[in-house]
Amino acid sequence: MEEPYAKILALETFRVEQVPPTVYYIPNFISESEETYLLHQVYAAPKPKWTQLSGRKLQNWGGLPHPKGMVPEKLPAWLQSYAEKISSLGAFGGKLANHVLVNEYLPGQGIMPHEDGPLYFPTVTTISLGSHTLLDFYHPVSRGQHADSEQVPAPQTEEQRHFLSLLLEPRSLLVLQEDMYVRYLHGIQPTTSDTITEKVANVAACSTALGDELLRGTRVSLTIRHVPKVLKTAIFLGKGK
Ligand SMILES: O=C(O)CCC(=O)C(=O)O
Ligand SMILES: [Fe+2]
C-alpha cells in the first residue's frame, strides 16, 4: 500500500523544523521568468473565470470539488506542468495533482482562518507570485492549548488562538501535510504590512530578518491539490450515443 506520508526525500532538506509535522518550504522554487509567465497566464484567463469574493478573487481549475465526486476538467497546459512537477516530488503520495485554485489578494486583503476540508488529499501545496504574505496558523476553538490539563477555558480570541506563522515569499513553494493541514486552521490577515516576529517559524529559510517590516503588494497564489474522488464525465452528463 502507498504510504501517504512516506518521507519525501526530494523535499526533506526543505523541512521546517520545530513545528508540528509537516511543513516544507522551498524559496525560489520557480525563477523570475517563470513567475512573470505564470502571472501573465493568470491574467490572460477569460473574465468569467474569476469569482469575486469579499476579501479576494479566485479562479477554480480542474473541476468543482464535491462530496459525491468532482467532475474533472483538464487543467490548462500552463498549470498541468506545475501540477506534474510538484506531484513528482511525492507531495500527494504518488498521485497526480488535479486541482488548482488561483487566489489574488490586493494589499489589505486576506482569508479568514479555515480548514480546507475532507475533499482533498491531506496535502496542500502553494506557489506564491508577485508578493509575499504571512500565512497564520490557529488552534481550533474546541481544542485550546490548556483545556485538558488546567481548569481554564480554551483561548477564544483569534490572537490567543494564533499558533505560528509562515512567511511565503514570491516564487516559493509551500507543502503542508499531516497535523499542520489537519489539526490547525490557516488564514491570512487583511493587512498591508507584516512584521517578522519570532512566531514566523521559517524565517531561517527566508531572505529577511527578525524585526523586518514587509509591505505587501498584490499576491497571486496557486494552490495545487489532489482531489481523490472524481466522477466520469460521460456517465454524469449522460452523453448518449
Ligand atoms: O493563498 C493562500 O496561500 C491560501 C489560500 C487558501 O488557504 C485556500 O484557498 O484554501
Ligand atoms: Fe486554505
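All residue numbers refer to positions in the sequence shown, counting from 1. Just follow the structure's listing: the first ligand is 1, and inside any ligand the first atom is 1.
From the protein, the heavy atom lying nearest to atom 9 (O) of ligand 1 is Asn103 ND2, 3.2 Å. Among protein heavy atoms, atom 5 (C) of ligand 1 sits closest to Tyr105 OH, 3.4 Å. The protein heavy-atom contact nearest to atom 3 (O) of ligand 1 is Arg219 NH2, 2.8 Å. Atom 10 (O) of ligand 1 has as its closest protein heavy atom His114 NE2, 3.1 Å.
In this structure, Tyr184 has its ring center closer than 6.0 angstrom to the ring center of Phe163.
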Q: Go through the steps for Gln177 and Tyr24 under the test side-chain hydrogen bond (donor to acceptor under 3.5 Å, both in side chains), then give the verdict.
A: CA-CA 9 Å; Gln177 301 182 316; Tyr24 300 106; 4.6 Å; no
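The side-chain hydrogen bond (donor to acceptor under 3.5 Å, both in side chains) check on His226 picks up nothing, with sequence neighbours excluded. With sequence neighbours left out, the side chain to side chain contact (heavy atoms under 4.5 Å, CB included) criterion links His114 to Ile111, Asp116, His186. Taking the ring-ring contact (aromatic ring centres under 6.0 Å, His included) definition, one finds that Tyr120 meets it with His99, sequence neighbours left out.
Residue-to-ligand polar distances keep Arg56 apart from ligand 1: every N/O pair is separated by 3.5 Å or more. Close N/O approach between Thr126 and ligand 1 is not found [any backbone or side-chain N/O within under 3.5 Å].
Contacts of Leu174 with ligand 1, taken as heavy-atom pairs under 4.0 Å, are absent altogether.
Donor-acceptor pairing under 3.5 Å is lacking for the side chains of Thr218 and Glu104. No side-chain N or O of Glu115 forms a donor-acceptor pair with one of Tyr181 less than 3.5 Å apart.
Remark: ligand 1 atoms within the under-4.0 Å shell around heavy atoms of His186 are 7 (O). Near Leu101, the atoms of ligand 1 lying under 4.0 angstrom from a non-hydrogen atom of the residue are 9 (O).
Ser87 contributes a side-chain N or O that, together with a main-chain N or O of Ala83, makes up a donor-acceptor pair within less than 3.5 Å.
For Arg15 and Glu12, the salt-bridge test passes: some basic side-chain N is under 4.0 Å from an acidic carboxylate O.
Counting only protein N, O or S atoms closer than 2.8 Å to the Fe ion (ligand 2) gives 3.
Ring geometry for Trp78 against Trp61 counts as perpendicular: the plane angle is over 60°, on a 0 to 90° scale with 30° as the lower cut.
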